[in-house]
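Working notes for the structure below.
Note that ligands are numbered from 1 as they come in the structure, with each ligand's atoms numbered from 1 the same way. Values below: every heavy atom of this structure, side chains too, minus hydrogens, waters and symmetry copies.
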Amino acid sequence: MKKIHLIVGARPNFMKMAPLYKEFAKYPEDFEVKLIHTGQHYDERMSKFFFDDLQMPVPDEYLEVGSGTHGQQTAKIMERYEEVLLKNRPNLVIVAGDVNSTAACAIDAVKLHIPVAHLEAGLRSFARTMPEEINRILTDAISDYLLTPSPDADENLLNEGVPGEKIFFVGNIMIDSLVQYKEKAKASNILQKLGLNQNFALITLHRPSNVDSEKGLLTILNAFEEVSKSIKLVFPIHPRTTKQIAAFGLEDKVKKMKNLLLTPPIGYYDFLKLQMEAKFILTDSGGIQEESTYFGVPCLTLRPQTERPITITEGTNKLVKLETEDIIKEAKEILSGNIKKGKIPKYWDGKTAERIVDIFIKEKQFAYN
Ligand code: UD1
């Protein structure tokens, strides 16, 4: 029996770990899987809603670390997860993505000589000012199994000197959840609930580089103001962004935009529905660049670079310069019918969890470093 810990912490982890959890559960003779939630995200709308929609059980361990500076949050996760590892030593720890919980738990495990697998390994924005880029580099450097979503990720790892036998191109695990719940999402009544017809664009915004400076946030809000004169904008707002809008005294500016609908964070099915029905998406998220590519919906990414270049080379994504005029221009291009077509990349097919579990079934003993 192989004992495995699956780590989740922040919203984008849940839809990546759920399919893997379910796939391991098909082999109860081979694996004993425990779900560990660090508590990096704790609001009902950032966590429990997703557990419910993704039909995930209550975590075996909930570390309740909450918010803090990077140092505080990472340290708290490391301190609390190490205790769990010392009490209940697994044979393998699987972490996902690039959040603080990912790097913190990977460091804990390798220091106890427990092998680590990284889901979504090899992605690089090459911008070390992004906290996520540091988490990616750290986690990949110490992981034993690098499970990649796209060939560019394999290439990045090989360029960094990672031995090829540690790299497994398994595909995009987040798309497994999307495929599994697409029909439920189609049936969502969120459009009626929000009083929307089919003519709207969807916005998400939460990157520190976009929302933590007043100038950056204003540049983007001014663009939303102008674009909202041409199309209804739906903006489910991240808690970080709510906090920053209040800190800069910009609440009135946002409220005055008649054609911009602010909502609290939205659950998984409802959000997928909004994505598939939107005319286009304006975002700085990582996962949404990928989901919009899957749906074939045009996506304008409000960032100077992306760690997911395949969404540009093959998908419907486009990077937009962080200038009010550029954002308006790109949105108007789409509204005038100039739409980027894309295709779904290889192995974004709903079978990534199967490919991963297959690897671990074949491993007699998990390799450490
Ligand atoms: C984190 C990830 C980011 C990911 C994002 C998805 C890191 C470094 N960043 O960013 O990569 O794209 O999650 O959402 O791990 N807050 C709440 N309720 C919550 C969680 C957070 O109100 O449940 C507020 C707190 O004020 C907190 C702030 O949001 O200080 C930021 O939360 P944090 O976990 O530090 O980072 P995110 O911006 O959510």
Side-chain angles (χ1 to χ4, degrees), residues 7-17 37-52 54 59 62-78 80-81 95-107 118-121 123-125 127-140 174 177 203-213 216-217 220 235-248 262-268 271 281 283-292 299 301-303 305-308 311:
I7 309 293
V8 293
R11 182 169 61 177
N13 296 151
F14 307 137
M15 50 295 265
K16 294 170 194 165
M17 232 23 124
H37 190 329
T38 65
Q40 176 174 348
H41 283 174
Y42 43 86
D43 282 351
E44 233 190 2
R45 288 178 174 276
M46 298 297 284
S47 178
K48 186 175 179 301
F49 277 24
F50 289 83
F51 269 70
D52 292 348
L54 294 159
Y62 186 67
L63 307 182
E64 290 183 82
V65 300
S67 301
T69 64
H70 285 277
Q72 288 163 347
Q73 193 175 56
T74 308
K76 239 188 204 173
I77 300 167
M78 285 186 65
R80 295 191 185 174
Y81 183 50
V95 296
D98 54 20
V99 303
N100 286 343
S101 301
T102 311
C105 293
I107 295 172
H118 185 202
L119 268 180
E120 217 182 67
L123 297 183
R124 295 288 181 271
S125 67
R128 290 203 176 192
T129 47
M130 287 179 76
E132 294 81 6
E133 183 73 355
I134 305 302
N135 291 334
R136 290 181 201 115
I137 294 170
L138 273 176
T139 308
D140 284 342
M174 195 185 59
S177 282
I203 296 175
T204 81
L205 194 67
H206 75 282
R207 290 280 153 214
S209 54
N210 283 337
V211 305
D212 285 4
S213 91
L217 189 52
I220 295 172
F235 187 4
I237 191 161
H238 188 285
R240 175 189 284 276
T241 312
T242 308
K243 203 163 114 184
Q244 293 307 108
I245 286 178
F248 301 134
L262 270 189
T263 79
I266 279 179
Y268 186 61
F271 194 76
I281 297 172
T283 191
D284 59 8
S285 147
I288 294 169
Q289 296 172 51
E290 298 179 334
E291 287 168 341
S292 54
C299 179
T301 295
L302 303 171
R303 285 178 41 193
Q305 70 296 101
T306 177
E307 63 289 340
R308 294 163 160 90
T311 60

For P208, check side chain to side chain contact (heavy atoms under 4.5 Å, CB included) against everything at least two apart and list the hits. D212, R240
Mutual orientation of the aromatic rings belonging to H41 and H238 [parallel < 30°, tilted 30-60°, perpendicular > 60°]: perpendicular
S67: side-chain hydrogen bond (donor to acceptor under 3.5 Å, both in side chains) partners, not counting sequence neighbours: Y42
Provide, line by line, the atom pairs where ligand 1 and the protein bring an N/O atom each to a distance under 3.5 Å; else say none.
residue: ligand 1; atom: 11 (O); partner: E132; partner atom: OE2; Å: 2.6
residue: ligand 1; atom: 12 (O); partner: H206; partner atom: NE2; Å: 2.8
residue: ligand 1; atom: 13 (O); partner: H41; partner atom: NE2; Å: 3.4
residue: ligand 1; atom: 14 (O); partner: H238; partner atom: NE2; Å: 2.9
residue: ligand 1; atom: 15 (O); partner: Q40; partner atom: NE2; Å: 2.8
residue: ligand 1; atom: 15 (O); partner: N100; partner atom: N; Å: 2.8
residue: ligand 1; atom: 18 (N); partner: D43; partner atom: OD2; Å: 2.9
residue: ligand 1; atom: 22 (O); partner: D43; partner atom: OD2; Å: 3.4
residue: ligand 1; atom: 23 (O); partner: Y42; partner atom: N; Å: 2.9
residue: ligand 1; atom: 23 (O); partner: D43; partner atom: N; Å: 2.9
residue: ligand 1; atom: 26 (O); partner: K243; partner atom: NZ; Å: 3.0
residue: ligand 1; atom: 30 (O); partner: K243; partner atom: NZ; Å: 3.3
residue: ligand 1; atom: 34 (O); partner: Q40; partner atom: NE2; Å: 3.2
residue: ligand 1; atom: 34 (O); partner: H41; partner atom: NE2; Å: 3.4
residue: ligand 1; atom: 38 (O); partner: R240; partner atom: NE; Å: 2.6
residue: ligand 1; atom: 38 (O); partner: R240; partner atom: NH2; Å: 3.3
residue: ligand 1; atom: 39 (O); partner: H41; partner atom: NE2; Å: 2.7
residue: ligand 1; atom: 39 (O); partner: H238; partner atom: NE2; Å: 3.1

Taking salt bridge (charged side-chain N to carboxylate O under 4.0 Å, His left out) as the test, write out the residues that go with R11, two or more places apart. none
Cationic N near anionic O, under 4.0 Å, R303 to D284: no
Quick one: does D52's side chain have a donor or acceptor within less than 3.5 Å of a partner on F49's backbone? no
